[in-house]
Amino acid sequence: MLQALCIKESEVTLSGECFCGEIKYRVEGPLRDARSCHCSRCRKAFSSQAYAYALVEPDHFNWVSGKHLLTSYIGGQGFGLQFCSKCGSTLCGIYNNEIHGITLGCLNEDPEIEIGRHIYVGSKASWEIIPDGAPQYQEGAPQNA
């Protein structure tokens with residue numbers, strides 16, 4: 001049996017928006033597998049020491065307004081990010097042009113979820129201190145984690 005990837009799942013209806021408020025979304029289903037990635041690429045993508053991200057089923061996610069302002073960056077293997085073309089806030093991750101997960105920092109409410117793992121801590125910024133509690137992996141988490 002697989003271990004749970006987060007301490008608890010979110011089961012509330014959530015709303016989120018970008019920094020300028022032009023793009024808004026709603027999540028009507030559980031968030032799962034909350035994680036924080038500390039690799040150098042994520043530091044650049046999110047202009048931060050790490051990112052906080054949770055998976056969501058595509059059919060539980062809806063754009064409420066401002067979808068026309070979304071800009072997408074697609075990297076390797078079909079994974080990418082969508083962000084506001086006005087203010088630059090990264091709102092979600094996509095895989096093969098479908099919503100994969102959301103960045104927790106753009107939520108308006110408490111998602112009632114906790115980070116279940118810190119990944120790529122082997123390349124974290126030297127000035128970052130990761131809190132105790134959640135498992136840490138030098139690279140990506142093992143398949144059975």
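By convention here, the first residue in the shown sequence is residue 1. Because only heavy atoms are used, hydrogens play no part in the values below, and waters and symmetry mates are left out as well, while side chains stay in. In this text the structure is predicted, and so the values were computed from the model without any measurement.
Between the CD atom in Glu98 and the CG atom in Asp59 there is a gap of 9.0 Å [rounded to 0.5 Å]. Note that CD of Gln138 is 9.5 Å distant from NZ of Lys124, once rounded to the nearest 0.5 Å. The distance from atom CD1 of Ile115 to atom CD1 of Ile113, rounded to the nearest 0.5 Å, is 7.5 Å. Separation of atoms NE2 (His60) and CD1 (Ile99) is listed at 13.5 Å; rounding is to 0.5 Å. Rounding to the nearest 0.5 Å gives a distance of 5.0 Å between CZ of Phe61 and SG of Cys92. Atom CZ in Arg117 sits 10.0 Å away from atom SG in Cys37 (nearest 0.5 Å).
Heavy-atom minimum distance, Ala54 versus Leu31: CB-CB, 4.1 Å. The heavy-atom pair separating Leu91 from Cys106 by the smallest distance is CD2-SG, 3.8 Å. The heavy-atom pair separating Ser123 from Ser40 by the smallest distance is OG-N, 4.0 Å. Between His38 and Ala50, the closest heavy-atom pair is ND1-CB, 3.3 Å.
Side-chain atoms of Ser36 come within 3.5 Å of backbone N or O of Tyr51 as a donor-acceptor pair. Asn62 places no side-chain N or O within 3.5 Å of a backbone atom of Val64 that could act as its donor or acceptor partner.
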Contacts under 3.5 angstrom, residues 75-86 side chains, donor-acceptor by atom type, not counting sequence neighbours:
unit_1, atom_1, unit_2, atom_2, d
Gln82, NE2, Ser72, OG, 3.0
Ser85, OG, Leu69, O, 2.8

Begin with the C-alpha distance, continue with both residues' side-chain angles, and end with the deciding distance and a verdict on side chain to side chain contact (heavy atoms under 4.5 Å, CB included) for Tyr73 and Ile94. CA-CA 9 Å; Tyr73 170 78; Ile94 55 175; over 6 Å; no

Walk me through it: do Arg35 and Leu55 pass the test side chain to side chain contact (heavy atoms under 4.5 Å, CB included)? CA-CA 9 Å; Arg35 83 283 299 265; Leu55 302 182; 3.7 Å; yes

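Under the 4.5 Å side-chain contact rule for hydrophobic residues, Leu70 and Ile74 share a cluster. Note on Tyr95: it does not cluster hydrophobically with Trp63, by side-chain heavy-atom contacts below 4.5 Å among ILVMFWY residues. Note on Val121 and Tyr137: separate hydrophobic clusters, where clusters join Ile, Leu, Val, Met, Phe, Trp and Tyr whose side-chain heavy atoms are under 4.5 Å apart, directly or indirectly.
The environment of CD in Glu139 is sparse: at most 12 heavy-atom neighbours from other residues, nucleotides or ligands sit within 6.0 Å. Around atom CG of Asn97, no more than 12 heavy atoms belonging to other residues, nucleotides or ligands sit under 6.0 Å away.
The aromatic rings of His100 and Tyr53 lie parallel to each other, their planes meeting at an angle below 30°, with 60° marking the opposite boundary.
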